[in-house]
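Structure, as structure tokens:
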Amino acid sequence: MPKEKKHVKGAKLGYEQELRLLQIELLKFQNYVKEKGLRVLMLMEGRDAAGKGGTIKRLTEHLNPRGCRIVALTKPSDVEKTQWYFQRYVTHLPSAGEIVIFDRSWYNRAGVEPVMGFCTQEEHKEFLREVPKFEEMVINSGIIFFKFYLSISKEEQKRRFKERMTDPLKQFKISPVDQKAQELWDQYSIAKYSMLLASHNAISPWVIVASDNKKEARLNVFKFILSNVEYPKKIAERLHYDKNVVRGGNEEIKRIEEGLNKDRIKSIE
């Protein structure tokens, strides 16, 4: 077998082994959640093709489905459009003994909706004012809360879109919104910046995960979750996440500011 193929095979085997060990740890945590009647909520956000679905799939594939739910809401109905914005999300929050994962969440109003014109500027501003208070109430109710943002580069997003267009098994993932994502990259960056400024805080921090390498992103999401919760027979030495992959919201805000400043300099030149 050629050396390169051996290396690829070995890397894949290493990933699968590590993933399995982390899935066992997550199952231990789920058993503890059920035993103690805990409530756990995870939001998985990110640009189109950032790897949210794949990460959620690996998080849930060996959990007991009776105690774990994935929430992926479609666009609001005519009735839901008349309600308080957060109302339809509240009904899906976890009950005792449950882990709930949102595949996109109320943060649609911080990204897709304002960029694509699906909400007004005032609705966007009102959301940014309300969301920290809403999340503080969620946390004060006793829910264990994680907010993940999978961060993909423009080049990698373009590559994944191209792959989706040519792979019959992935074409269902392509939508008109996806097709605008590259064209509107800068607008999404500005929306992300506004979101982080408004909603990253000590009570409800954002966890940013670099996701150009999907496998690294998945493993580090697992490790971050498990290193920040308690449960019996925890094997802590497996849970050291890579700080080159996982970063805090404040660091991401600085990175975006640096990028925006560079763009301003280029436009002046």
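The two residues Ala110 and Ala191 have their closest heavy-atom pair at O-CB, 3.4 Å. Taking both residues in full, the closest heavy atoms of Ile256 and Ser189 are given as CG2-O, 4.2 Å, listed atom of the first, atom of the second, then distance. Scanning both residues, Ile225 and Phe146, for their nearest heavy atoms gives O-CZ, 4.0 Å. Taking all atoms of both residues into account, the shortest heavy-atom contact from Ala210 to Ala217 is O-CB, 3.6 Å.
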With side-chain contact (heavy atoms from CB on, under 4.5 Å) as the test, would you mind laying out the steps for Leu43 and Phe148 before giving the verdict?
-> CA-CA 6 Å; Leu43 308 189; Phe148 290 102; over 6 Å; no
Step by step, work out the side chain to side chain donor-acceptor pair (under 3.5 Å) result for Tyr149 and Lys192.
-> CA-CA 10 Å; Tyr149 189 97; Lys192 175 184 173 184; 4.6 Å; no
Test side chain to side chain donor-acceptor pair (under 3.5 Å) applied to Arg47 and Ser153, step by step | CA-CA 9 Å; Arg47 295 179 192 255; Ser153 67; over 6 Å; no
Side chain to side chain donor-acceptor pair (under 3.5 Å) between Gln87 and Glu80, worked out = CA-CA 8 Å; Gln87 189 166 334; Glu80 287 170 334; over 6 Å; no
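The main-chain N or O of His92 is found under 3.5 Å from a side-chain atom of Arg69 such that the two form a donor-acceptor pair. Within the 3.5 Å criterion, the main-chain N or O of Ser105 finds a donor-acceptor partner in the side chain of Tyr89. Under the 3.5 Å distance criterion, the side-chain polar atoms of Lys215 are left unmatched by any main-chain donor or acceptor of Glu16. Remark: side-chain polar atoms of Ser204 are not paired, donor with acceptor, to backbone N or O of Asn201 under 3.5 angstrom. Using a distance-only test at 3.5 Å, with no hydrogens or angles considered, a donor-acceptor pair links the side chain of Asn220 to the main chain of Asp242. Listed for the Arg218 side chain is no donor-acceptor partner under 3.5 Å among the backbone atoms of Leu59. With Lys233 contributing its side chain and Glu25 its backbone, the two residues share no donor-acceptor pair below 3.5 Å. Judged by distance alone, the side chain of Ser211 and the main-chain N or O of Ala50 form a donor-acceptor pair under 3.5 Å.
To the nearest 0.5 Å, atom OG of residue Ser151 and atom CD of residue Gln157 are 10.5 Å apart. We find the CG-CZ distance between Leu22 and Arg238 to be 8.0 Å, quoted to the nearest 0.5 Å.
Taking 4.0 Å as the cut-off between side-chain N and carboxylate O, Glu155 and Arg159 do not count as a salt-bridged pair. In this structure, Glu257 does not pair ionically with Lys254, as no charged nitrogen and carboxylate oxygen lie closer than 4.0 Å. A salt bridge between Glu18 and Lys223 is present, with a side-chain N of the basic residue lying under 4.0 Å from a carboxylate O of the acidic one. Note on Arg255 versus Glu252: salt bridge recorded, some NZ/NE/NH1/NH2 to OD/OE distance being below 4.0 Å.
In terms of hydrophobic clustering, with Ile, Leu, Val, Met, Phe, Trp and Tyr side chains grouped at heavy-atom distances under 4.5 Å, Ile24 and Phe224 are assigned to different clusters. Transitive grouping of hydrophobic side chains (ILVMFWY, heavy atoms separated by less than 4.5 Å) keeps Trp185 and Ile208 in distinct clusters. Cluster annotation: Leu21 is not connected to Tyr241 through the hydrophobic network of ILVMFWY side chains, with a link wherever side-chain heavy atoms come within less than 4.5 Å. Linking Ile, Leu, Val, Met, Phe, Trp and Tyr residues whenever their side-chain heavy atoms come within less than 4.5 Å leaves Ile152 and Val209 in two separate clusters.
Under 3.5 Å, the side chains of Tyr15 and Glu216 contain no donor-acceptor pair of N or O atoms. For the residue pair Glu130 and Trp106, no side-chain donor N or O sits within less than 3.5 Å of a side-chain acceptor on the partner.
Exactly one of Arg160, Lys180, Arg164, Arg104 qualifies for a salt bridge (Lys or Arg N to Asp or Glu O under 4.0 Å) with Asp48. That residue is Arg104. The side chain to side chain donor-acceptor pair (under 3.5 Å) test with Lys147 singles out one residue from Glu135, His200, Glu45, and that residue is Glu135.
Residue-environment remark: NZ (Lys158) stays at or below the threshold of 12 foreign heavy atoms within 6.0 Å. Within 6.0 Å of CD in Glu122 there are more than 12 heavy atoms belonging to other residues, nucleotides or ligands. Under a cut-off of 6.0 angstrom, the local environment of CZ in Arg129 is crowded, with over 12 non-hydrogen atoms contributed by other residues, nucleotides or ligands.
Remark: Glu61 engages Gln23 in a side-chain hydrogen bond (donor to acceptor under 3.5 Å, both in side chains) (not counting sequence neighbours).
Between Phe102 and Leu41, some side-chain heavy-atom pair lies under the 4.5 Å cut-off. Looking at heavy atoms from C-beta onward, Lys28 lies in side-chain contact with Ile235 at the 4.5 angstrom threshold.
Residues Tyr107 and Trp206 place their aromatic rings such that the two centres sit under 6.0 Å apart.
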